[in-house]
Protein chains: 2
Amino acid sequence: MIYSCLPSVNEYLQYMTDQGGERRDLAAMLAPLVRSLIAIELPVLAAHGISMWGYAVLSTLDDSPVRTQAALAEAIGADKTRIIGTLDELQQSGLISRDPDPDDRRARLLSITPNGRKARRSARAAIQANEDRLLAELSPADRRAFLRAAQTLSTLSPEDLAGS
Amino acid sequence: MIYSCLPSVNEYLQYMTDQGGERRDLAAMLAPLVRSLIAIELPVLAAHGISMWGYAVLSTLDDSPVRTQAALAEAIGADKTRIIGTLDELQQSGLISRDPDPDDRRARLLSITPNGRKARRSARAAIQANEDRLLAELSPADRRAFLRAAQTLSTLSPEDLAGS
DNA sequence: TATTGTTATACTCTATAACTATA
DNA sequence: TATAGTTATAGAGTATAACAATA
């Protein structure tokens, strides 16, 4: 049966019922939401002088430096050729440093600068302030559960998502 | 203050704490998830002989017919020129009907056919079975809250999302 | 003249492949 | 010969603008 992978049929029926018997596809619900969220983010980021990919790079590097551009590209789910322009801009703006590894001059050691960190955190504060306004639509309990669930699902590997 | 739009500062602090003090951006969490969900959907849809946009069209028309192509395009968040090829395919496959409105022969009355409805529901069952596997990662309470929250947020108008 | 749908054009984004430099 | 980064080319997807039919 198609629903045999569920923890229990009762569970399934319960949340189907919660949805009024017609559950919408997850992707169909979330895709427009994400599109809107990004559309809202763009002008905020522009006001901080950074692009969407630039923000993704800064966010990754704010957590920890990265040894190669290819690794950075993979971390943000992009092609290595796609982030080169972004890195050029960020470097020119002084938001990241990008130096040849003395031990292997083919690789580029990437890290965020103090200015980059400042820009990223300022942008994030503005973005999350917007998100807070949306999250205020939810009950406190649902809001916490939603953030927890989003966190859980977003950290699943592509393999987990695609199925064994 | 940047967080003044929150229901209460205490609430904010509470879910920040729940996230370990470092909440990730919503878009940054959800965008890769949605990308993966769509990547999983595509082969399922292909097996049913419909494209992603075709599925969006069928889903909209399954709820109710639409009087013009422009209205349909807006409903699925696409440009009116973008869905023409999709409508051609769906019509040729006999999944939708698309007839000039007798009262205004400029407009095209769009509706789903019985075969289209069958295809859509079959595809949806397969897609939701996949999603169920992912949702099984969540606790029952979180799963219900997540679906409820996604439903709530996804039905906000772009104006609500963008802010007053 | 305005509106619906269609076609044609141009533009953006992305991936693939070729190239340079280091190893 | 293999790898990291870069550049060049081509392809997909999309939007803008011009067009045809109907009102």
Side-chain angles (χ1 to χ4, degrees), chain A residues 27-28 31-32 34-39 41-43 45-46 50-57 60-61 65-92 96-111 158, chain B residues 27-28 31-32 34-39 41-43 45-46 50-57 60-61 65-92 96-111 158:
Chain A
V34 167
R35 242 190 308 180
S36 297
L37 287 174
I38 291 175
E41 271 189 22
L42 285 178
L45 290 174
I50 47 186
S51 68
M52 199 183 59
W53 287 113
Y55 183 62
V57 167
T60 302
L61 293 181
V66 168
R67 211 188 68 84
T68 71
Q69 296 183 183
L72 176 63
E74 167 149 25
I76 64 178
D79 193 272
K80 66 174 180 171
T81 64
R82 216 161 73 189
I83 61 170
I84 292 180
T86 303
L87 295 178
D88 291 344
E89 289 169 13
L90 291 172
Q91 185 179 23
Q92 200 160 6
I96 65 168
S97 70
R98 185 201 204 182
D99 302 306
D101 181 350
D103 293 346
D104 181 348
R105 295 173 47 76
R106 292 174 304 182
R108 304 271 177 277
L109 299 174
L110 301 164
S111 59
Chain B
V34 167
R35 244 189 306 179
S36 297
L37 287 174
I38 291 175
E41 272 189 23
L42 285 178
L45 291 174
I50 46 186
S51 67
M52 198 181 62
W53 287 113
Y55 183 62
V57 168
T60 302
L61 292 181
V66 168
R67 211 187 68 86
T68 70
Q69 297 184 183
L72 176 63
E74 166 149 25
I76 64 178
D79 194 272
K80 65 173 179 172
T81 64
R82 216 160 74 189
I83 63 169
I84 291 180
T86 302
L87 295 177
D88 291 344
E89 288 169 13
L90 291 173
Q91 185 179 21
Q92 200 160 8
I96 65 169
S97 70
R98 185 201 204 182
D99 303 306
D101 182 349
D103 295 345
D104 181 348
R105 294 173 48 75
R106 292 173 302 181
R108 303 272 176 275
L109 299 174
L110 301 165
S111 59

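The chains referred to below are lettered A, B, ... by the order of the sequence lines, with proteins before strands, and numbering in each begins at 1.
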### Query
Sub-3.5 Å donor-acceptor pair from the side chain of A:R82 to the main-chain atoms of A:W53, do we have one?
no
### Which nucleotide in D:dT6, D:dA17, C:dA23 has an atom nearest any side-chain atom of A:R106
C:dA23
### Query
Is B:R98 atom CZ crowded by more than 12 heavy atoms from other residues, nucleotides or ligands, each under 6.0 Å away?
yes
### Message
If you assign each of A:A78 and A:D104 to its closest nucleotide in DNA chain C, which residue comes earlier from the 5' end?
### Response
A:A78
#### Entry: Any A:S97 side-chain heavy atom under 4.5 Å of A:Q91 side chain
no
### Message
Using heavy-atom distances to pick each residue's nearest nucleotide on DNA chain C, tell me which of A:P102 and A:D79 is more 5'.
### Response
A:D79
### Atom of B:V66, atom of B:T68 and distance for their closest heavy-atom approach
CG1-O, 3.2 Å
## Note on the structure
note: B:R67, atom CZ; C:dT3, atom C1'; distance rounded to Å ~ 11 Å
### Task
Could you state the atom-to-atom distance from CZ of B:R98 to P of C:dT4 in whole Å?
16 Å
### Query
Does A:R108 make a side-chain N or O approach to OP1 or OP2 of C:dA21 shorter than 4.0 Å?
no
### Summary
Considering only heavy side-chain atoms of A:T68, the closest of C:dG5, D:dG5, D:dT16 is D:dG5
#### Entry: Test salt bridge (charged side-chain N to carboxylate O under 4.0 Å, His left out) applied to A:R67 and A:D101, A:D99, A:D103, the passing residue
A:D101
### Query
Which of the following nucleotides, D:dT6, C:dT4, C:dT6, is nearest to the side chain of A:K80?
D:dT6
### Message
If you assign A:T81 and A:A107 each to the DNA chain D nucleotide with the nearest heavy atom, which residue ends up on the more 5' nucleotide?
### Response
A:A107
#### Entry: Side-chain donor/acceptor contact of B:R105 with base of D:dT22 under 3.5 Å
no
### Task
Spell out yes or no: do the side chain of A:R82 and the base of C:dT14 have one donor N/O and one acceptor N/O closer than 3.5 Å?
no
### Query
Counting only side-chain N and O atoms of B:W53, is one of them less than 4.0 Å from OP1 or OP2 of D:dA12?
no
### Query
What is the distance from CD of A:Q91 to P of D:dT6, rounded to the nearest Å?
9 Å
### Nearest-angstrom distance from the residue atom CE of A:M52 to C1' of C:dT12
13 Å
